[in-house]
> 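Have a look at this one before I ask anything.
Below, all heavy atoms of this structure are taken into account, side chains as well, without hydrogens, waters or symmetry copies. Lettering follows sequence order; numbering is per chain, from 1.
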Protein chains: 2
Amino acid sequence: MFQSFFQYCSPLVSFTREDKQLIETYFSFRQVPKKFTLIANGKIARELYFINKGLLRLYYTKDGEDITAFIFREHLFSGSYDSFLRQAPSIQGLEALEDSDLLVITYDNLQRLYKKVPKMETLSRKIAEQRFINAQLILSSYILDSPEERWKKFEAANGDLLLRVPHHMIASFLGITPVSLSRIRKRLQHP
Amino acid sequence: MFQSFFQYCSPLVSFTREDKQLIETYFSFRQVPKKFTLIANGKIARELYFINKGLLRLYYTKDGEDITAFIFREHLFSGSYDSFLRQAPSIQGLEALEDSDLLVITYDNLQRLYKKVPKMETLSRKIAEQRFINAQLILSSYILDSPEERWKKFEAANGDLLLRVPHHMIASFLGITPVSLSRIRKRLQHP
DNA sequence: TTCTTTTCTTTACAAAAGTTAATGAGTTGA
DNA sequence: TCAACTCATTAACTTTTGTAAAGAAAAGAA
């Protein structure tokens with residue numbers, strides 16, 4: 001149950017056997033079906049999720065349309081961090097794109113865990129840093145690359161997702177319309 | 001010298017008098033002139049800067065052109081975080097847009113400080129979280145808003161910078177060309 | 001299965017931004 | 001002071017993307 005979680009942690013902090021046993025008691029396990037909404041836009045994100053199996057999508061809603069902010073794969077932490085960290089209403093929603101198995105920790109439990117296991121603070125700092133670096137990377141791609149280049153990079157890095165996720169969700173993540181994505185794909189097929 | 005630094009910290013962590021005195025010894029003071037390069041593209045960022053006075057610009061270079069990634073104001077931490085955190089070559093440069101007064105801490109000193117003052121770990125985590133939230137905010141503006149809307153928001157939030165920073169640097173931050181920014185400004189003047 | 005919904009692609013047209021180049025105002029520095 | 005440079009704006013033209021609508025294929029529900 002916690003195997004891939006501690007595998008994810010091990011390059012970041014070294015927990016003792018006792019640490020691990022304690023940490024496990026602060027998490028709960030949850031299975032959600034495809035299309036299940038974990039965090040609704042406007043609500044406060046009280047939980048963070050480690051994905052054992054499945055796929056979660058973080059999205060904005062604008063003019064009644066969904067715009068993908070990020071797609072989380074298995075063996076990653078996921079959540080509406082912005083809302084979770086500030087404990088303020090979320091401007092993003094989080095939903096399952098596939099039937100998913102999740103490890104869940106609440107905000108309050110995490111704060112308690114910081115006090116019980118100080119190394120959790122280090123883990124949290126490193127995850128926050130990683131997420132920052134990642135956000136920075138995506139942002140730099142928006143700043144530096146054309147939509148076509150962004151598509152190429154996405155395809156190279158996440159080719160498998162193309163079979164698991166509808167293209168219009170990927171298009172909005174790339175900052176373009178499905179129509180434009182279709183044109184780009186056509187352009188690249190017949191160069 | 002450290003007044004605005006501890007003022008910045010106080011909502012995040014509460015340092016004791018002894019903490020503060022110790023922390024001060026790990027920083028150094030530096031004055032740099034306008035146009036001074038603090039971190040060159042390709043070098044590893046070994047330092048982080050707290051801006052007592054002045055303005056710093058983080059930028060990418062693509063095809064020989066500068067593209068602004070962020071503009072740091074006084075009373076903020078600044079640096080090429082990506083490079084600093086990973087201690088890997090920077091894909092960004094950092095330069096002074098005005099004569100600036102900086103508090104400087106090195107990577108090694110920061111690691112030592114974590115051990116001496118554990119609360120620094122909490123401060124670092126919270127700063128990383130803030131920076132993540134900020135990157136997220138900028139990214140969501142790229143995803144959700146048109147260039148025209150981004151300009152309006154920038155003007156509303158950072159109107160004072162328009163007098164301190166050349167417009168073409170702001171244009172590249174907004175993801176458009178100076179020509180396009182000029183058109184947008186004209187369009188908004190005569191609606 | 002059959003029917004409905006979702007997903008993906010295509011077309012034609014409109015709108016916006018990029019590119020290149022020219023102009024003029026304002027600064028900088030020798 | 002005067003030449004050189006930087007910066008902002010404008011124009012003409014090209015390229016790209018957005019919008020709206022329609023049809024085909026695939027997936028899901030009754």
Side-chain angles (χ1 to χ4, degrees), chain A residues 33-37 55 57 59-68 71 95-99 141-152 154-155 159-191, chain B residues 33-37 55 57 59-68 71 95-99 141-155 159 161-191:
Chain A
K34 184 171 176 172
K35 295 199 179 176
F36 185 85
T37 296
L55 219 48
R57 180 174 77 116
Y59 59 93
Y60 299 93
T61 303
K62 186 177 191 183
D63 307 331
E65 293 247 314
D66 280 0
I67 300 175
T68 303
I71 295 167
E95 68 167 13
L97 292 184
E98 301 176 349
D99 298 347
S141 183
Y142 265 87
I143 294 176
L144 295 172
D145 301 336
S146 66
E148 184 171 318
E149 288 172 296
R150 276 207 296 290
W151 162 256
K152 281 189 207 163
F154 184 89
E155 195 183 21
D160 59 312
L161 289 187
L162 304 184
L163 300 172
R164 298 168 71 184
V165 180
H167 285 186
H168 67 93
M169 291 184 182
I170 296 171
S172 69
F173 175 66
L174 298 174
I176 55 178
T177 58
V179 177
S180 196
L181 176 56
S182 186
R183 277 192 288 236
I184 288 171
R185 280 160 56 81
K186 191 179 181 181
R187 203 154 63 210
L188 293 175
Q189 274 169 34
H190 318 287
Chain B
K34 184 173 176 172
K35 293 198 179 175
F36 185 86
T37 297
L55 219 50
R57 180 175 79 116
Y59 59 94
Y60 299 93
T61 304
K62 186 177 192 184
D63 307 330
E65 294 247 314
D66 281 0
I67 300 176
T68 302
I71 295 167
E95 69 167 11
L97 292 184
E98 300 176 349
D99 297 347
S141 184
Y142 265 87
I143 294 175
L144 295 172
D145 301 335
S146 66
E148 183 172 319
E149 288 172 294
R150 276 207 295 290
W151 162 255
K152 281 190 209 162
K153 285 187 181 177
F154 183 89
E155 195 181 20
L161 289 188
L162 304 185
L163 300 171
R164 298 168 71 184
V165 180
H167 285 186
H168 68 93
M169 291 184 182
I170 296 172
S172 69
F173 175 67
L174 297 174
I176 54 178
T177 58
V179 177
S180 194
L181 176 56
S182 189
R183 277 194 288 237
I184 288 171
R185 281 162 54 82
K186 190 179 181 183
R187 203 154 63 210
L188 293 174
Q189 274 167 35
H190 319 288

> Is there a donor-acceptor pair closer than 3.5 Å between any side-chain N or O of T68(B) and the backbone N or O of Y59(B)?
no
> Taking the side chain as every heavy atom from C-beta outward, state whether I184(A) and I176(A) have any pair of such atoms under 4.5 Å apart.
yes
> Kindly calculate the angle separating the two end axes of the helix from dT1(C)-dA30(D) to dA30(C)-dT1(D), each obtained from five base pairs, and round it to 10 degrees.
50°
> I want to check one thing: is the phosphate of dA17(C), taken as OP1 and OP2, less than 4.0 Å away from some side-chain N or O of T177(B)?
no
> Looking only at the side chain of V179(A) (C-beta and beyond, no hydrogens), which of the listed nucleotides dG18(C), dT19(D), dA11(D) gets closest?
dT19(D)
> Is the backbone of G175(B) close enough, under 3.5 Å, to the side chain of Y142(B) for a donor and an acceptor to pair up by distance?
yes
> Check whether any side-chain heavy atom of F173(A) sits under 4.5 Å from a side-chain heavy atom of I71(A), and report yes or no.
no
> Could you state the NZ-C1' distance from K186(B) to dA17(C), rounded to the nearest angstrom?
16 Å
> Report the distance from atom CG of L97(B) to atom C1' of dC7(D), rounded to the nearest whole Å.
15 Å
> On DNA chain D, check which nucleotide each of S146(A) and L181(B) is closest to and give me the residue with the more 5' one.
L181(B)
> Nearest heavy-atom pair of K34(A) and L97(A): which atoms, and what distance?
CG-O, 3.4 Å
> Using a cut-off of 4.0 Å on non-hydrogen atoms, how would the nucleic acid contact of S182(A) be classed: base, sugar-phosphate, or nothing?
base
> Can you see which heavy atom on P33(B) is nearest to which on A96(B), and at what distance?
O-CB, 3.6 Å
> Rounding to a whole Å, what distance do you find between E65(A):CD and dT7(C):C1'?
14 Å
> Look at R185(B) and dA8(D) and indicate whether a side-chain polar atom (N or O) is within less than 4.0 Å of OP1 or OP2.
no
> For the pair made of CZ in R183(A) and C1' in dT17(D), what is the distance, rounded to whole Å?
6 Å
> Just so I know, are the side chains of H167(A) and L181(A) near enough to count as touching, which here means a heavy-atom distance under 4.5 Å?
yes
> Considering just the side-chain nitrogens and oxygens of K34(B), establish if one lies under 4.0 Å of OP1 or OP2 belonging to dT27(C).
no
> Under 4.0 Å between a side-chain N or O of R187(B) and OP1 or OP2 of dA17(C)?
yes
> Provide, to the nearest angstrom, the distance between the CH2 atom belonging to W151(A) and the C1' atom belonging to dT17(D).
17 Å
> In whole angstrom, give the distance that lies between atom NZ of K62(B) and atom P of dG18(C).
13 Å
> Rounding to a whole Å, what distance do you find between D145(B):CG and dG18(D):P?
14 Å
> Identify, residue by residue, the members of residues 168-176 of chain B with a heavy atom below 4.0 Å from DNA chain C, and return them in order of residue number, or none.
G175(B), I176(B)
> Check this for me, if you would: do R57(B) and D66(B) make a salt bridge, where the nitrogen-to-carboxylate-oxygen distance has to be below 4.0 angstrom?
yes
> Looking at K62(A) and E149(B), is any side-chain nitrogen of the basic one under 4.0 Å from a carboxylate oxygen of the acidic one?
yes
> Using whole Å, what does the distance between atom P of nucleotide dG18(D) and atom CD of E149(B) come to?
14 Å
> With respect to the side chain of I184(A), which nucleotide from dC8(C), dT17(D), dA17(C) is positioned closest?
dT17(D)
> Using a strict threshold of under 4.0 Å (side-chain N to carboxylate O), is an ion pair present between E95(B) and K35(B)?
no
